[in-house]
Colleague: 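Next up is a structure, given as structure tokens.
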Amino acid sequence: MTATASRVLVLNSGSSSVKYQLLDMEPDSAGGSAAGTRLAVGLVERIGEETSRLAHTPLATGGGTRETEGPIADHEAALKAVAAELSADGLGLDSPQLAAIGHRVVHGGLKFTAPTVIDDAVLKEIERLVPVAPLHNPANITGIRTAQALRPDLPQVAVFDTAFHTTMPEYAARYAIDVETADAHRIRRYGFHGTSHAYVSRKTAGLLGKDPSEVNVIVLHLGNGASASAVAGGRCVDTSMGLTPLEGLVMGTRSGDIDPAVTFHLKRVAGMSEDDVDVLLNKKSGLVGLCGDNDMREIRRRIDEGDERARLAFDIYIHRLKKYIGAYTAVLGRVDAVAFTAGVGENAAPVRAAAVAGLEEMGLAVDADLNAVRSGEPRLISPEYARVAVAVVPTDEELEIAQQTYALVNA
Ligand code: ADP
């Protein structure tokens, strides 16, 4: 690595997609900490199909989004296409300014509690975790191998979705099932969205003018996938997702918490197969299962038109959220802030208002005017008198991955 190497490429490899961002982590010339300037962002989707699509936006040059459609056979072809797009803007992967590649890896099990430079042993361990993350880790591994082949000399760093949650105490992480069975199959609550929970809880502390070690925060990451976490003094002490991302809040297409006996019932009485139940709970449940839509904008529009199914779906979503706010208030003992983030949390004012409505006794309230403000900046939406701050904090998982990656390779 040369002294000028300050760029980090962040890769988020899914089973049929690759999302990427190239960031410059050099502090601004004023010596401040404005590191994290985005140079290019993009997405390859439908990899392996005839209709693959690459959308690339070279922010550094101020150019507009370039879209290319046509078959991209696999992840290797996808990354090569991304590399070609970056080269066209003078930002190629062969640049000496590239310091590292940071990979989002969904499941790091218990072993990976921090970002980790990838070597063969690390890759083997990520592979060993495939049985607990069959949908995500194989795609992440493919992304890592492909990037290694393109730049074998460059540090590649894994940033794990689960890492932030590894501080959960054993009594929060264990399911109350037979210990031998649980241990034999590594069944426990791992939690996900950790990169977002870490970033947002830290930003929330900043918004309160405090150090993360001084504050207790409930983070509500409400995107298509949704999870809550209880963060005490910067450390996660509980989170709503479990062995897989299915547990917890009502999500776009996932049920969240459910009596596991429902699955026996579906198999024994409704004659569904294992895979049918998996698809039902992960893809056809949550908001989409309840009312046919998983986009909160559409659900709100339907509610405004008097649609009862949309109303009930919204009410179920909010009821679950409230239960987690209450539960995590009890877990934390003292709550300094509740922070809303991700697509729904950042944009849906009615969700924020409804989630804390009636919780004044717990010190929670939302100021209607502040809540209605649309902004991409972290902000407080609670009235001054409220004991607990309510915040909207836009998440930035790519920036967090880039920061963790850059810090590690410069350590
Ligand atoms: P993920 O990363 O989990 O795919 P996001 O965090 O991007 O999801 O959130 C996507 C969701 O955010 C959408 O499904 C939609 O419900 C919600 N959303 C996005 N914009 C708005 C908006 N302006 N108002 C209400 N909800 C929104």
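Indexing begins at 1, ligand by ligand and atom by atom, following the structure's order. All heavy atoms count here, side chains included; hydrogens, waters and symmetry mates do not. Everything numeric here is computed off the predicted structure, so don't read it as measured data.
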Colleague: Distance alone, cut at 3.5 Å: any donor-acceptor contact between the side chains of Arg46 and Thr51?
Modeller: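 There is such a pair (donor and acceptor under 3.5 Å, judged by atom type) between the side chains of Arg46 and Thr51.
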Colleague: Under 30°, 30 to 60°, or over 60°: which ring-plane class applies to Phe192 and His107, parallel, tilted or perpendicular?
Modeller: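 Ring orientation of Phe192 relative to His107: perpendicular.
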Colleague: Name all residues meeting the salt bridge (charged side-chain N to carboxylate O under 4.0 Å, His left out) criterion together with Arg379; count only those two or more places apart in sequence or in a different chain, and write none if there are none.
Modeller: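 Once residues adjacent in sequence are excluded, Arg379 has no partner under the salt bridge (charged side-chain N to carboxylate O under 4.0 Å, His left out) criterion.
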Colleague: Among residues two or more places apart or on two chains, list those pairs meeting side-chain hydrogen bond (donor to acceptor under 3.5 Å, both in side chains) that have a residue in residues 351-363.
Modeller: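 Counting only pairs at least two positions apart or across chains, the side-chain hydrogen bond (donor to acceptor under 3.5 Å, both in side chains) contacts touching residues 351-363 are Arg352-Asn371.
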Colleague: Quick one: ring pair (Phe, Tyr, Trp, His ring centres under 6.0 Å) partners of His136, sequence neighbours excluded?
Modeller: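 None.
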Colleague: Mind jotting down which protein residues get a heavy-atom contact under 4.0 Å with ligand 1? Chain and number order, please.
Modeller: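 Lining ligand 1: Gly223, Asn224, Gly225, Asn294, Asp295, Met296, Arg297, Ala342, Gly343, Val344, Asn347, Ala348, Arg374.
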Colleague: With no hydrogens and no angle check, do the side chains of Ser227 and His221 hold a donor and an acceptor under 3.5 Å apart?
Modeller: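 Not at all, the side chains of Ser227 and His221 share no donor-acceptor pair under 3.5 Å.
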